[in-house]
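Proteins come first, then strands; the chains are lettered A, B, ... in the order of their sequence lines, and each starts at number 1. Computed from a prediction, not measured in an experiment: that's the story for all the values here.
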There are 2 protein chains.
Amino acid sequence: MARRGSYAKGIAKREEILTAALDVIARNGYGRASVRELADAVGLSQAGLLHYFSSKEELFAEILRKRDEVDREVLEAADADHELSMMDGFVQVMRHNADVPGLVQLYARLSAEATEADHAARPFFTERFRIFREMSVESIREGQRDGTLRADLDPEKIASLLLAAADGLQTQWLMDPSIDMGDHIEYLLASLKPPAAE
Amino acid sequence: MARRGSYAKGIAKREEILTAALDVIARNGYGRASVRELADAVGLSQAGLLHYFSSKEELFAEILRKRDEVDREVLEAADADHELSMMDGFVQVMRHNADVPGLVQLYARLSAEATEADHAARPFFTERFRIFREMSVESIREGQRDGTLRADLDPEKIASLLLAAADGLQTQWLMDPSIDMGDHIEYLLASLKPPAAE
DNA sequence: GTCTATATCGCGATAGAC
DNA sequence: GTCTATCGCGATATAGAC
């Protein structure tokens with residue numbers, strides 16, 4: 001019903017902007033990423049770009065949403081026959097993060113800014129946290145049934161701690177890249193295996 | 001040797017500024033904490049305040065340094081006979097943090113901003129992380145000797161993970177205060193006790 | 001040595017032309 | 001849909017009063 005496909009075209013333009021923004025930020029980091037900078041990358045003026053997003057805050061939340069989408073697609077493509085658990089995917093994404101410092105910084109900085117009560121990206125993060133914990137709890141329960149995780153652990157608490165560890169490690173890694181994020185998360189998971197298992 | 005005590009007076013003024021700033025930020029959060037706002041609180045102009053600090057970034061790093069100092073003093077006063085381990089103190093500070101959301105937010109936001117390569121607060125955080133890990137490793141080794149922590153754990157990795165968990169939990173708590181930071185850190189530590197112990 | 005006042009800069013937001 | 005122009009804000013550097 002969209003007249004002349006203009007609606008679909010707007011959607012496509014948004015996608016183009018988000019993809020270009022991911023590219024620019026992955027290379028240049030968050031610091032230099034002004035709306036003008038991102039607008040230049042797609043040949044728009046600052047006001048032209050903000051035509052597609054209601055504010056800078058919302059734009060950056062959408063960039064992170066797009067990034068999660070891309071990460072998920074890459075994971076699913078590499079795991080067509082669903083052999084990997086959610087936790088395996090989690091470790092793999094953490095390893096991949098070391099290749100895109102700019103995006104790690106975007107996440108670290110925006111999540112901190114979004115702790116402000118009226119920040120437009122706050123709903124994105126609260127929802128992201130909720131979903132991550134939900135999926136983690138499910139995966140932890142599975143591990144407990146399998147015997148790959150200690151049965152005495154509280155899945156909710158461990159889920160929050162895994163999320164916290166992942167986010168905290170990113171800041172530590174940005175300050176000192178000799179910290180291996182993937183190894184640390186993997187080590188934490190290994191530390192929670194039953195004494196018997198391995 | 002300081003002529004007319006003017007040097008000492010400058011030091012005293014700095015302390016006064018930092019103490020007042022801690023108070024204002026604890027109440028109002030990081031968002032509203034412009035240099036002007038903090039200057040007002042001590043009856044100075046914005047430029048007047050910046051006379052004592054080389055930049056806004058340095059000022060905020062000093063505020064956090066002062067906060068660590070205050071936290072340490074409170075801990076030591078409550079533990080005159082050195083009965084508490086470093087980990088006990090750590091949990092206690094995390095519990096106390098729930099009473100000062102503005103300071104938690106200051107820490108979360110400034111640590112994220114300081115991931116920028118040329119940020120004036122970056123040395124503060126890299127050093128703070130180093131010292132925290134160092135003290136943690138020492139405390140973890142002690143726990144392993146005591147039998148209160150599993151002997152098979154890698155102290156360095158666990159130290160980084162504890163720091164990461166603490167920092168990550170603060171962001172989660174700022175987004176959703178129903179998360180209990182102290183309980184979670186305590187739970188993580190308890191999960192790393194030997195199977196025998198308790 | 002300490003401060004007030006000011007000028008300048010870059011940013012995001014927005015109004016309105018085309 | 002995209003632009004130009006402009007606005008207001010916060011951070012800083014500096015000139016110079018006391």
Side-chain angles (χ1 to χ4, degrees), chain A residues 2-18 20-21 24-25 28-63 106 109-110 112-114 116 118-122, chain B residues 1-18 20-21 24-25 28-63 105-106 109-110 112-114 116 118-122:
Chain A
R3 286 180 303 223
R4 293 167 181 258
S6 61
Y7 181 70
K9 207 173 147 190
I11 297 281
K13 191 75 179 178
R14 270 176 69 109
E15 293 301 300
E16 183 196 335
I17 291 167
L18 295 176
V24 171
I25 297 173
N28 304 344
Y30 182 83
R32 301 264 159 221
S34 64
V35 174
R36 274 182 176 87
E37 198 70 24
L38 300 181
D40 285 350
V42 278
L44 284 179
S45 69
Q46 183 234 16
L49 194 159
L50 280 184
H51 171 72
Y52 293 94
F53 303 90
S54 50
S55 70
K56 184 208 178 180
E57 294 177 355
E58 195 224 315
L59 163 63
F60 278 86
E62 291 305 315
I63 294 172
L106 166 65
R109 293 201 53 181
L110 201 68
E113 285 170 21
E116 218 61 53
D118 59 350
H119 197 288
R122 188 170 168 136
Chain B
M1 304 318 179
R3 287 180 303 224
R4 294 167 181 257
S6 60
Y7 181 69
K9 206 173 146 189
I11 297 281
K13 191 77 181 174
R14 270 176 68 110
E15 294 300 301
E16 184 196 335
I17 290 167
L18 295 177
V24 171
I25 297 173
N28 304 343
Y30 182 84
R32 301 264 160 223
S34 66
V35 175
R36 270 184 179 85
E37 198 70 24
L38 300 181
D40 286 351
V42 279
L44 286 179
S45 68
Q46 184 228 24
L49 195 159
L50 280 183
H51 171 74
Y52 295 94
F53 303 90
S54 50
S55 69
K56 184 206 177 181
E57 293 177 355
E58 195 224 316
L59 163 63
F60 277 87
E62 291 306 314
I63 294 172
Q105 196 189 31
L106 166 65
R109 294 202 52 180
L110 200 69
E113 284 170 21
E116 218 61 53
D118 58 351
H119 197 287
R122 187 170 168 135

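When heavy atoms are screened at a 4.0 angstrom cut-off, Phe53(A) is found touching no nucleic acid atom at all. Counting non-hydrogen atoms under 4.0 angstrom, Gly43(A) reaches the backbone sugars and phosphates but no base. Within the 4.0 angstrom heavy-atom criterion, only backbone atoms of the sugar-phosphate kind lie near Ser34(B); the bases stay farther away.
In this structure, His51(A) places its NE2 atom 17 Å from P of dA17(C), rounding to the nearest Å. Going from atom CG of Leu49(B) over to atom P of dC3(C) covers 9 Å, rounded to whole Å. Between the CG atom of Leu44(B) and the C1' atom of dT2(C) there is a distance of 10 Å, given to the nearest Å. If you take CG of Leu50(B) and P of dT2(C), they are 15 Å apart, rounded to a whole angstrom. Rounded to whole Å, atom C1' of dA13(C) lies 14 Å from atom CG of Leu59(A). The CZ atom of Arg32(A) sits 13 Å away from the C1' atom of dC11(C) (whole-angstrom rounding). A straight line from CD1 of Ile17(B) to C1' of dT2(C) spans 11 Å, rounded to a whole angstrom. The distance between atom CZ of Arg36(B) and atom P of dC3(C), rounded to the nearest whole Å, is 17 Å.
Nearest heavy atoms, Tyr30(B) versus Ile25(B): N-CG2, 4.4 Å.
For Ala47(B), the listed nucleotide lying nearest its side chain is dA13(D); candidates were dA5(D), dG12(C), dA13(D).
For the pair Lys56(B) and Phe53(B), the cation-pi test (distance below 6.0 Å, angle within 45°) is failed.
From Leu38(A), atom CG reaches atom CD1 of Ile17(A) across 9.5 Å, with rounding to the nearest 0.5 Å.
OP1 or OP2 of dT4(C) sits under 4.0 Å from a side-chain N or O of Ser45(B). In terms of phosphate contacts, Tyr52(B) brings a side-chain nitrogen or oxygen within less than 4.0 Å of OP1 or OP2 of dC3(C).
Looking at heavy atoms from C-beta onward, Glu57(B) lies out of side-chain contact with Glu113(B) at the 4.5 angstrom threshold.
Glu58(B) contributes no side-chain N or O that, together with a main-chain N or O of Ala120(B), makes up a donor-acceptor pair within less than 3.5 Å.
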